[in-house]
Every structure is written in structure tokens, then in C-alpha cells.
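What you are looking at is a predicted structure, and each value in this text was computed from that prediction instead of being measured. What's counted below: heavy atoms across the whole structure, side chains too, no hydrogens, waters or symmetry copies.
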Amino acid sequence: MTTAIRAAGWRGVIEAYSDLIGLPAGCRPVTLYEGGTPLVPAPGLAKAAGLDVDVRLKLEALNPTGSFKDRGMTVAVSAAIHSGAKLIVCASTGNTAASAAAFAARAGIACAVVVPEGKVALGKMAQARAYGARIVIIHGNFDQALTAVRAIADTGAAALVNSVNPWRIQGQMTAAFEIVDELGSAPDWLVLPVGNAGNITAYWKGFREYDAHLGQAGTQTRPGLPRMAGFQASGAAPIVRGQAVPNPETVATAIRIGNPASWRQAVDAATDSNGFIDEVTDEEILAAYSLLASTEGVFAEPASCASVAGMLKMARQGRLRPGDRVVLVLTGNGLKDPETAVSVSAGGAVECEADVASVSRAMGL
Ligand SMILES: *Cc1c(COP(=O)(O)O)cnc(C)c1O
């Protein structure tokens with residue numbers, strides 16, 4: 001199905017998978033042609049893991065606003081417009097705000113985003129501003145921001161587009177569909193960061209529904225299901241600890257969440273898939289961040305690198321077997337967080353005079 005669509009030109013996830021997303025008839029898509037992201041082999045990471053495994057990177061940074069949030073946002077904003085919304089709102093660690101602001105601009109409606117003070121990566125704030133959202137910075141964390149916007153949306157004043165909105169999950173399932181379409185079956189492992197836990201919920205729902213759908217169609221052998229491996233940052237690992245974290249802290253600001261809204265669904269995804277949810281430290285995340293960029297040429301934001309650090313941890317723990325197909329979801333673009341990039345690679349530049357001899361010397365020639 002999608003092969004024909006790709007040949008004709010990709011026009012976003014709603015067109016590609018409308019039957020599985022299930023928007024009401026007559027709902028007009030608000031789209032930036034999101035989705036359709038590549039699944040890139042990562043032999044250098046397999047080598048770093050010391051294993052003969054087939055590692056692929058799902059490059060969600062290639063979505064229009066630079067993160068996977070666009071897959072869910074196109075659907076949530078389309079549905080909101082269909083039901084007459086004039087304002088959309090969200091709480092955000094940054095990427096939801098950038099995405100909501102972009103799709104609101106596209107649709108021509110207002111958008112207000114609520115973000116925690118001082119903990120949103122610079123590029124994400126720049127995006128939300130450029131797209132014209134009203135930005136509310138609270139003296140508090142993400143979990144408090146979400147509580148506030150949920151209460152405001154409950155009054156009927158605005159449509160909430162966080163991942164507690166079921167349309168977000170419907171849209172984000174499409175990443176699982178794409179992986180199956182490309183590999184011809186489900187991978188052995190799907191590895192991803194876990195913050196508010198909407199994405200792990202969406203992937204698991206997507207793999208299950210696509211397996212059932214293709215089974216019904218009877219046109220090919222069923223793709224099967226992957227095992228789900230979710231990783232939280234150690235300073236923001238409520239699911240791993242089994243209790244909410246009042247003051248979550250991590251360099252991976254996109255997953256700096258102490259009380260995930262889709263906690264139960266995340267645990268179900270891990271349990272039902274025979275997978276797990278574990279943690280990686282900030283040190284492991286930043287080591288993975290540098291390794292990914294320097295060995296594969298892929299620049300992902302710190303939260304995304306929890307996938308890479310997680311895969312390396314799985315290798316150390318003997319969880320991966322030779323020949324396993326492992327998909328790492330790289331959720332967002334490294335360019336969004338220039339401050340982390342600069343602080344991690346401090347010392348990567350030298351200065352010199354402008355003459356040829358000096359430049360040559362500075363190059364180490
Ligand atoms: C939102 C986000 C996550 C976490 O996804 P959840 O659905 O909240 O678990 C991870 N990485 C990036 C880059 C994100 O923007």
C-alpha cells in the first residue's frame with residue numbers, strides 16, 4: 001500500500017495509513033508531510049556493542065519540526081479543528097511545544113504551550129517562538145505543567161494535544177507501521193527512550209494492530225511483534241523505581257518527567273511484549289551521544305541517545321543474540337540542543353592566524 005504512495009509522493013501519515021488511524025469521515029488533514037522517515041543501518045554501533053547484530057536507526061529527527069511528535073500532532077490537530085477548536089494547548093519539555101506550534105500555524109489557529117523554567121533546549125524554544133505560539137514558562141516542572149493544562153482543557157476552553165489525547169497515539173503508531181513495511185516483519189527488539197510514555201504506548205499498539213491488520217488481509221505472512229525495551233534516565237526513572245520522582249533531573253530534558261501520564265500502558269507494553277523498562281545514567285547517555293555522532297554521522301538530541309546507551313547496556317547484559325534485528329528510535333534532532341552539543345565537545349576546535357602556514361599547523365599537518 002505505502003509503496004504506491006511513496007512512488008506517487010509522500011504526503012504524510014494520515015494519507016498513508018488513514019484506515020488504521022481512523023479519523024472521522026470528512027476530517028481534513030492538517031499536514032506538513034510528516035513521517036516516512038528512513039531506517040538507517042548502524043554497523044558502527046553493532047561493532048561498539050561487540051556483537052553481530054543488525055542495528056537500525058529510525059531517524060525521527062527528519063520529521064518537519066525535528067522530532068517524532070509531528071506524527072501524533074498532525075492527527076491531534078486535524079481532529080481538534082474538525083471538532084471546532086480555536087485554541088490548542090499543551091505542556092511540554094520542548095518538542096511537543098515546537099510541534100503543536102507548527103501545526104497550529106499550519107491550521108491557522110492559536111496555540112499556547114506551557115514549559116518548565118530553564119529546562120527546555122534552546123532550539124525548541126526558538127521553534128515555538130518562530131511558529132508564533134504563546135509561551136508560558138512556569139516556575140515548576142513538566143508534571144506540574146501537564147496538571148495545569150489538563151485542568152484548563154477540562155473547562156472546554158481549549159483542545160489538549162499532549163499524548164494523553166488518544167489521537168496523538170493514533171498518529172504515533174504509524175512509526176511502527178513504517179518499520180514493518182520496510183523490514184517486511186517486526187524487528188526482534190524496539191528500543192526507545194521513555195518520558196511521559198506516550199511513544200512506547202503508541203509503538204506497542206501500532207505493532208499489535210498492524211500484525212492483526214496484515215493477518216486479516218491475508219496477503220502476506222504476519223509480521224509478528226518485537227520485544228519492547230524502554231529506557232528512562234536514572235535521574236527521572238519513576239517506572240524503574242516504582243514510584244513518582246518529585247524532582248526529576250537529567251541532561252536528557254525531553255525525558256525529564258517524574259510521573260508519566262501513560263505509566264500503566266508503558267508497563268503493559270514492556271510486560272506483554274516480553275520486554276522491559278530500564279534506566280541509563282546521564283554519563284551513559286552523553287557517551288552514547290558522542291559515539292553515535294562520531295561513528296555513524298547521526299546527530300541526535302540527548303534523550304534520543306538513551307536508545308543507543310540502552311542498546312549498549314543490553315549487549316553488556318547479554319540480552320542480545322547474534323543476528324538479532326534491533327531498531328533504535330532516535331526521537332529528536334541534535335540541533336535542537338546546541339548547548340549540550342557545545343559543552344560535550346568543548347575543546348574540539350583550535351584557533352590560529354589566517355595564513356596558510358598557521359592553518360596547516362593547526363590542522364596537525
Ligand atoms: C517526547 C520525547 C521523548 C519521550 O517520549 P514520550 O512519549 O514522552 O515517552 C523522547 N525523546 C524526545 C526527543 C522527545 O521529544
Side-chain angles (χ1 to χ4, degrees), residues 42 44-51 53 55-58 60-61 67-68 93-95 119 121 142 188-200 203 226-245 247-260 262-263 266-267 269-270 273 275-296 298-320 324 326-334 336-337 340-341 343-344:
L45 291 184
K47 201 165 160 208
L51 287 174
V53 284
V55 180
R56 313 278 179 107
L57 309 172
K58 184 66 171 160
E60 292 293 276
S67 87
F68 74 84
T93 59
N95 281 331
K119 301 291 181 181
F142 170 84
D188 295 289
W189 287 98
L190 192 285
V191 185
L192 79 173
V194 174
N196 213 25
N199 213 25
I200 189 171
Y203 268 97
R227 297 171 73 180
M228 306 289 289
F231 286 91
Q232 300 193 295
S234 293
I239 301 178
V240 179
R241 300 285 140 72
Q243 59 179 43
V245 175
N247 298 305
E249 276 308 337
T250 169
V251 66
T253 51
I255 52 172
R256 183 176 167 267
I257 291 173
N259 191 11
S262 300
W263 186 322
V267 171
S273 72
F276 61 89
I277 295 176
D278 195 3
E279 64 185 284
V280 283
T281 65
D282 277 11
E283 291 70 30
E284 290 173 307
I285 288 172
L286 291 176
Y289 174 84
S290 300
L291 178 74
L292 175 68
S294 61
T295 62
E296 300 292 0
V298 173
F299 188 29
E301 67 169 282
S304 307
C305 297
S307 297
V308 179
M311 187 274 291
L312 295 173
K313 185 170 183 182
M314 289 167 71
R316 286 199 302 277
Q317 294 179 329
R319 290 199 199 249
L320 300 177
D324 272 354
V326 185
V327 171
L328 311 184
V329 182
L330 296 185
T331 46
N333 197 313
K336 285 172 172 280
D337 191 350
T340 299
S343 71
V344 165

Sorted by chain and residue number, the ring-ring contact (aromatic ring centres under 6.0 Å, His included) partners of Y289 (sequence neighbours excluded) come out as F299
Nearest heavy-atom neighbours spanning A121 and K336: CB-O, 3.4 Å
What's the spacing between E284 CD and F231 CZ if we round to 0.5 Å? 9.0 Å
Any non-hydrogen side-chain atom of D337 less than 4.5 Å from a side-chain atom of P302? yes
Distance-only side-chain donor-acceptor flag, E60 / T331, under 3.5 Å: no
Do the side chains of Y203 and K58 get nearer than 4.5 Å, heavy atoms only? yes
So how far is it from I285 CD1 to L292 CG, rounded to the nearest 0.5 Å? 13.0 Å
Under the side chain to side chain contact (heavy atoms under 4.5 Å, CB included) test against M228, which residue among V194, I200, V191 passes? I200
Which residues pass the salt bridge (Lys or Arg N to Asp or Glu O under 4.0 Å) test with E296, sequence neighbours left out? none
Heavy atoms only: give me the nearest S273-A270 pair and the separation to one decimal. OG-O, 3.3 Å
Which residues satisfy the salt bridge (Lys or Arg N to Asp or Glu O under 4.0 Å) test with R56, sequence neighbours excluded? D54
Give me the atom names and distance for the closest heavy-atom approach of P260 to P238. CD-CG, 3.5 Å
L51: partners by side-chain contact (heavy atoms from CB on, under 4.5 Å), with sequence neighbours left out: V53, A315, L320
Sequence neighbours excluded - side chain to side chain donor-acceptor pair (under 3.5 Å) pairs with any residue from residues 188-198: none
Non-neighbouring partners of A288 that pass side-chain contact (heavy atoms from CB on, under 4.5 Å), sequence neighbours left out: C305, V308, A309
Nearest 0.5 Å, what's the CD-CD1 distance between Q232 and I277? 6.5 Å
Say you draw a straight line from CG of D282 to OG of S234; how long is it, rounded to the nearest 0.5 Å? 7.5 Å
Under 3.5 Å, is there a donor-acceptor pair between the Q243 and R241 side chains? no
Output all residues satisfying side-chain hydrogen bond (donor to acceptor under 3.5 Å, both in side chains) with S307, sequence neighbours left out; order by chain, then residue number. none
So, using ring-ring contact (aromatic ring centres under 6.0 Å, His included) as the criterion, who are the partners of F68 when residues are at least two apart? none
If the condition is salt bridge (Lys or Arg N to Asp or Glu O under 4.0 Å), which residues does K119 pass it with, not counting sequence neighbours? E249
Which residues share a side-chain contact (heavy atoms from CB on, under 4.5 Å) with T295, sequence neighbours left out: L45, L291
For residues S304 and P193, report the shortest heavy-atom separation together with the two atoms involved. CA-CG, 4.3 Å
What pairs with A303 under side-chain contact (heavy atoms from CB on, under 4.5 Å), at least two apart in sequence or on another chain? A252, A254, I255, E301
Compare every heavy atom of T250 with every heavy atom of A236, then report the nearest pair and how far apart it is. CB-CG2, 4.2 Å
Kindly write out the residues that satisfy salt bridge (Lys or Arg N to Asp or Glu O under 4.0 Å) with D278, not counting sequence neighbours, or none if the list is empty. K313
Give a yes or no answer on whether the side chain of S290 reaches the backbone of A287 with a donor-acceptor pair at less than 3.5 Å. no
V344 vs V251 side-chain heavy atoms within contact, under 4.5 Å: no
